[in-house]
Colleague: 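Before I ask anything, here is the structure I am working with.
Scope of the values below: all heavy atoms of this structure, side chains included, with no hydrogens, waters or symmetry mates.
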Amino acid sequence: MNCPKCGYNNCQIISETTTSGKDFHAGKGCCGVVLFGPTGLLCGLCGRGKRTTSRAFWICSQCGYKFKA
């Protein structure tokens with residue numbers, strides 16, 4: 001693969017992973033314990049919105065330019 005910026009032909013492919021959102025909501029967990037006892041702790045997991053996305057990119061070894069695969 002050739003770099004579109006400098007034309008160098010030694011590029012490497014990398015994978016970039018991003019996450020967004022929360023795993024556990026402490027406020028919901030505490031309210032769940034008060035209302036439903038120990039099993040109410042699982043209420044903190046309700047509505048969780050953690051998302052993980054992964055994308056592949058090429059990166060030039062000479063100039064460091066990053067472009068989509």
Side-chain angles (χ1 to χ4, degrees):
M1 177 58 92
N2 291 337
C3 175
K5 186 175 181 183
C6 69
Y8 192 65
N9 63 354
N10 189 10
C11 296
Q12 297 176 349
I13 194 162
I14 60 167
S15 178
E16 185 176 88
T17 305
T18 58
T19 58
S20 63
K22 294 182 179 181
D23 280 335
F24 183 79
H25 194 270
K28 288 181 182 179
C30 290
C31 289
V33 169
V34 169
L35 295 175
F36 303 112
T39 57
L41 189 61
L42 295 175
C43 291
L45 296 174
C46 297
R48 64 180 176 171
K50 187 168 186 173
R51 292 184 181 173
T52 303
T53 57
S54 182
R55 293 182 285 177
F57 290 98
W58 287 96
I59 189 162
C60 180
S61 299
Q62 185 174 358
C63 68
Y65 183 68
K66 185 171 79 170
F67 52 100
K68 287 187 178 183

Colleague: Distance from Tyr8 atom OH to Cys3 atom SG, nearest 0.5 Å?
Modeller: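 One gets 11.0 Å once the value is rounded to the nearest 0.5 Å.
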Colleague: Does any pair with a residue in residues 1-10 pass salt bridge (charged side-chain N to carboxylate O under 4.0 Å, His left out), and if so which ones, sequence neighbours excluded?
Modeller: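 Listed by first then second residue: nothing to list.
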Colleague: When the side chains of residues 59-69 are checked against the rest of the protein, which donor-acceptor pairs come out under 3.5 Å, sequence neighbours left out?
Modeller:
unit_1: Ser61; atom_1: OG; unit_2: Asn10; atom_2: O; d: 2.8
unit_1: Lys66; atom_1: NZ; unit_2: Glu16; atom_2: OE2; d: 2.9

Colleague: Over all heavy atoms of both residues, which pair between Ile13 and Ala56 is shortest? Give the atoms and the distance, please.
Modeller: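 Heavy atoms of Ile13 and Ala56 come nearest at CD1-CB, 4.3 Å.
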Colleague: By side-chain hydrogen bond (donor to acceptor under 3.5 Å, both in side chains), which residues pair with Thr17, not counting sequence neighbours?
Modeller: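 Testing Thr17 for side-chain hydrogen bond (donor to acceptor under 3.5 Å, both in side chains), a comparison that skips the adjacent residues, returns none.
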